[in-house]
Colleague: 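Pasting a structure below so you can have a look.
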There are 2 protein chains.
Amino acid sequence: MEKVTIATVAQRAGVSRQTVSNVINTPDVVREETRERVREAISALGYRVNQAARQMRTGRSRLIAVRIEPARDGINGSVLDRFLHGLTDAAGLAGYRVMLYTADGDDAEIATYDELLNAYDLDAFVLTSTHHGDPRTSWLAARDVPFVTFGRPWGAPETHSWVDIDNAAGTAAATEHLLAAGHQRIGFLGWPAGSGVGDARREGWHRALGPWGPVGEATDGVESGAVAARKMLQNDPPTAIVCASDSLALGALQAARELGRECAVIGFDDTAVARAIGLTSVSQPLAEAAGRCMDLLRELLDGHAPSHPTNVLLPPSLVVRQTA
Amino acid sequence: MEKVTIATVAQRAGVSRQTVSNVINTPDVVREETRERVREAISALGYRVNQAARQMRTGRSRLIAVRIEPARDGINGSVLDRFLHGLTDAAGLAGYRVMLYTADGDDAEIATYDELLNAYDLDAFVLTSTHHGDPRTSWLAARDVPFVTFGRPWGAPETHSWVDIDNAAGTAAATEHLLAAGHQRIGFLGWPAGSGVGDARREGWHRALGPWGPVGEATDGVESGAVAARKMLQNDPPTAIVCASDSLALGALQAARELGRECAVIGFDDTAVARAIGLTSVSQPLAEAAGRCMDLLRELLDGHAPSHPTNVLLPPSLVVRQTA
DNA sequence: TATCCGAATTTGATCGTTCAAGACCTAGAG
DNA sequence: CTCTAGGTCTTGAACGATCAAATTCGGATA
């Protein structure tokens with residue numbers, strides 16, 4: 001099988017290289033008849049544009065990079081994985097490919113940006129797990145590298161486009177669901193203050209519930225959640241608990257069972273665990289979030305960049321199962 | 001910030017382009033002193049090889065592709081994700097990058113191979129989820145595309161290198177653990193015969209147990225597992241069940257609880273769910289498997305290809321928790 | 001009829017790297 | 001003193017695409 005280049009196609013169609021290139025990139029400048037002839041040659045030969053060669057001229061690689069994180073907790077790690085699935089799909093449809101990298105910490109990640117940009121001419125980055133004082137966005141912005149974040153820029157000035165889930169709306173919906181079911185004493189089990197996501201989830205619960213409610217704090221994880229939930233259930237027992245994650249919710253369920261208490265529990269993220277054990281949970285529209293990220297990237301990449309950044313806030317949905 | 005090319009480095013070091021190239025690719029042909037001077041210029045300028053240009057000359061992209069599957073079950077999907085993490089790490093260390101793609105079915109995947117090979121000059125593929133009558137391996141082999149499979153070539157002639165988990169050893173270990181704990185009537189809950197992985201897991205249980213044991217069959221999933229387990233527990237009740245997956249194990253646990261039966265349960269894959277609910281499970285060494293895949297690929301890619309394919313079979317380990 | 005115009009197409013140069021071949025220099029052999 | 005060999009370095013071409021400028025050609029205009 002010979003190598004098929006633009007020259008092969010040109011010869012077969014009886015035109016020059018440039019005309020073939022035009023058919024591919026700017027079809028409207030080529031006469032109808034010629035265009036068809038070239039298109040025919042292209043498909044007859046099974047020609048595909050060589051990205052490396054194109055990239056060398058245009059400086060564009062049609063590659064976007066995403067960090068894949070070491071599966072931490074294992075329960076919540078799957079959220080990013082599902083986002084990644086969606087992004088790969090969306091990118092594929094838009095003619096882009098996703099490249100992965102790992103990095104241990106923000107500084108290492110920035111070093112990786114530098115390498116990827118130089119070596120592979122990456123077109124853009126999608127950042128996940130944004131957090132307070134995130135140095136990555138400013139580094140990229142300073143170099144005019146196109147990027148989008150999945151997660152809003154907590155605290156930082158909003159100089160770039162982002163997509164995020166409306167976390168507060170999620171816990172608010174969960175709380176309202178409980179209120180509608182007749183619960184009045186509804187607690188919240190979350191992470192220590194300071195993480196943007198965690199604070200937003202607490203805020204949603206607070207907004208829907210009003211003034212009162214017992215609050216428990218725990219670092220993420222089943223054990224830690226069980227400890228905090230036990231304390232809540234013993235002191236000022238609520239009849240229902242809204243949790244900041246499925247891990248915490250699982251802990252809460254364990255604690256309630258141990259203490260023999262009836263207690264409704266709602267988790268967050270709708271992970272596989274929730275589905276498996278029938279835990280009611282708030283579900284993030286990850287595929288849509290990924291699709292929107294890709295849309296924003298295309299705006300940035302395919303010319304017509306909007307002068308000011310776009311933000312997308314997606315509402316999560318409540319998946320009701322047995323626990324509430 | 002100017003673009004730093006090999007010519008920039010050459011000028012600064014007072015040598016020709018080719019000498020810089022030699023320092024990078026074949027350092028031993030350059031005189032010590034010159035080599036140092038060039039190296040200094042490289043790091044002073046922060047020079048990085050442009051992969052696209054290199055690729056155009058050499059035809060090698062230092063890119064390997066892996067398919068990312070739509071998270072099916074959600075419980076077991078995470079196995080591939082963890083493998084992916086490991087592979088990205090291992091590839092990064094070896095100077096390769098991982099590119100993702102999705103494909104719906106074997107034929108679509110083969111079409112994607114064709115596109116990726118032409119457009120991106122991919123160096124190699126890592127295939128997962130091998131199965132009986134897999135058309136992908138022969139397609140790749142016919143075109144001399146380097147690839148490795150994670151999962152042995154079920155039924156097909158072993159003409160390529162692969163890495164796999166010793167599934168039978170896993171269920172055998174689980175069964176032996178139960179025997180040691182005094183169980184005598186140990187059942188197996190697995191998938192219908194025909195899937196290589198499923199058959200191997202059943203085989204391991206059978207080997208360790210000897211002649212007897214009730215067998216249940218169910219398509220993967222919690223519901224389906226619960227139904228099959230209920231039947232087992234009612235007819236010829238075992239005191240323990242070895243399962244082909246964590247999903248099935250979860251179903252078995254549900255069935256036992258409903259029927260009020262004491263029954264030890266062991267799952268397979270050590271997913272997040274298992275960790276969360278304390279399910280004893282067989283754990284696959286996924287990071288190591290990924291590393292081995294990368295090792296095999298390097299053998300194929302970095303010259304010295306072994307004349308006959310290499311196979312790696314890794315033993316899983318039993319993670320003992322509360323359910324057995 | 002000569003000139004100009006615009007649409008359609010072609011030609012030559014270029015992106016950054018590596019390959020293949022050649023040039024230079026020093027040292028040892030004849 | 002010439003010749004050869006080997007180590008070290010340089011030069012020109014090539015990979016496959018796109019950009020920018022040049023060319024062709026039929027038809028409208030003066």
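Chain naming here is simple, since letters A, B, ... match the order of the sequence lines and numbering starts at 1 in each. Since the structure is predicted, the reported quantities are computational estimates derived from the model, not experimental observations.
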Colleague: Once hydrogens and angles are ignored, does a donor-acceptor distance under 3.5 Å link the base of D/dG12 to the side chain of B/R17?
Modeller: yes
Colleague: Would you mind reading off the bend of the helix from C/dT1-D/dA30 to C/dG30-D/dC1 from its two end axes, five pairs each, to 10 degrees?
Modeller: 70°
Colleague: Do A/R57 and C/dT14 share a donor-acceptor pair, side chain to base, under 3.5 Å?
Modeller: yes
Colleague: What's B/T58 touching, base or sugar-phosphate or nothing? Going by heavy atoms closer than 4.0 Å.
Modeller: sugar-phosphate
Colleague: Side-chain N or O of B/R31 versus OP1/OP2 of D/dC9: is the shortest distance under 4.0 Å?
Modeller: yes
Colleague: Closer than 4.0 Å, any side-chain N/O of B/N22 to the OP1 or OP2 of D/dC9?
Modeller: no
Colleague: Would you kindly compare B/A53 and B/D28 by the position of their nearest DNA chain D nucleotide and give the one closer to the 5′ end?
Modeller: B/D28
Colleague: On the ring face of A/Y96, is A/R62 found with NZ or CZ under 6.0 Å from the centre and within 45° of the axis?
Modeller: yes
Colleague: Just compare C/dG16, D/dA17, D/dC9 and give me whichever is closest to any side-chain atom of B/K3.
Modeller: C/dG16
Colleague: Sort out for me which residue in B/R67, B/E109, B/E115 forms a side chain to side chain donor-acceptor pair (under 3.5 Å) with B/Y101.
Modeller: B/E109
Colleague: Could you go through the side-chain contact (heavy atoms from CB on, under 4.5 Å) check for B/V66 and A/L100 one step at a time?
Modeller: CA-CA 10 Å; B/V66 190; A/L100 296 179; over 6 Å; no
Colleague: Under 3.5 Å, is there any donor-acceptor pair linking the side chain of B/Q18 to the base of C/dC19?
Modeller: yes
Colleague: Nearest whole Å is fine: how far is C/dC19 P from B/R54 CZ?
Modeller: 9 Å
Colleague: How close or far is atom C1' of D/dT18 from atom CZ of A/R60, stated in whole angstroms?
Modeller: 13 Å
Colleague: Looking only at the side chain of B/T19 (C-beta and beyond, no hydrogens), which of the listed nucleotides D/dT10, C/dT17, D/dT18 gets closest?
Modeller: D/dT10
